[in-house]
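What follows is a short report on a single structure.
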Amino acid sequence: MRVNRNKRTLCATLAAGLLMTATAAAQQQPVGYEDTPKLPGLPWKVHDPNRPVPPVVAPGAAFSDMAAAPADAVVLFDGTDLSKWQKPNGDEPEWKVENGYMEVTSTGSIRTRDEFGDFQLHLEFATPAKVESNSQGRGNSGVMIYGDYEVQILDSYENRSYADGQAGALYGQTPPMVNSSRAPGAWQTYDIIFEAPRWKDGELVKKANVTVLHNGVVIHHKKEYIGRTIHRRVGVYDRPHEPRGWIGLQDHRNPTRFRNVWIRELPGYDSGG
Ligand code: MG
């Protein structure tokens, strides 16, 4: 009997060990797409599983957490209501608002009612504390600038996904320089400085570019978008638009939370007092 019990214990220990090894292996396992086109001027494909993931840089304890809005900012969400937001069809948004945050409810993405030109945007988000699924299924959302240019939101804390799809990525195009994600459930900050693309007589004369600080760490510095964000395809500038537009928050069916969202348009130099 003793032998059997010991055997059982040994088997259970081995099984647990194998499971842990399998979980760790899954964590390291490349994920992505092999049937996508190559990115221009780069050795990688869109969502390439073999593109190196950015190094992890633990952020400081606080940077712009709960940063108060400057006087010339438009407060888009102060924790109390969604009056500055709508569904894409103009209907009232149905995201949950409680305890000073709004939360994705699988009722569709939302967008600002107003439009903004080149801007500085501050927002805070928290991916779900309860970890479910993996890769792109974990805390997926996104900042959809003008609906066309995504700064990805994902739970990228010890969550392997393709590099151009992780938190802070210009989705499908450029991974963040480093991964400065906080743990699931923790509040995180994005400070995004965006310059809109410009067309003249139907010709693109300036690409969109973006600077992003994630929890106070620079992850993009005036990085140009290859084009608008398209899943599994190379981004293109095929929809000339005014150098302004609405800001969207993506509903990817994960209950990601947002708080303290404000934006200020860049006045440009020598704009007078
Ligand atoms: Mg997304």
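Indexing begins at 1, ligand by ligand and atom by atom, following the structure's order.
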Does atom CG of Asn89 have more than 12 heavy-atom neighbours from other groups under 6.0 Å away? yes
Are any N, O or S atoms from Gln136 nearer to the Mg ion (ligand 1) than 2.8 Å? no
Does any N, O or S atom in Tyr171 come within less than 2.8 Å of the Mg ion (ligand 1)? no
Evaluate the side-chain contact (heavy atoms from CB on, under 4.5 Å) criterion for residues Thr127 and Asn254: first the C-alpha distance (whole Å), next the side-chain angles of each, then the deciding distance (0.1 Å), finally the verdict. CA-CA 8 Å; Thr127 60; Asn254 299 141; over 6 Å; no
Hey, are Thr112 and Asp114 close enough side-chain-wise for a donor-acceptor pair under 3.5 Å? no
The Mg ion (ligand 1) - closest N/O/S atom in Glu150: OE2
Are Lys38 and Asp48 close enough for a salt bridge, meaning some N to O gap below 4.0 Å? no
Rounded to the nearest 10 degrees, what's the angle OE1 of Gln250 makes with OD1 of Asn140 at the Mg ion (ligand 1)? Could you check? 100°
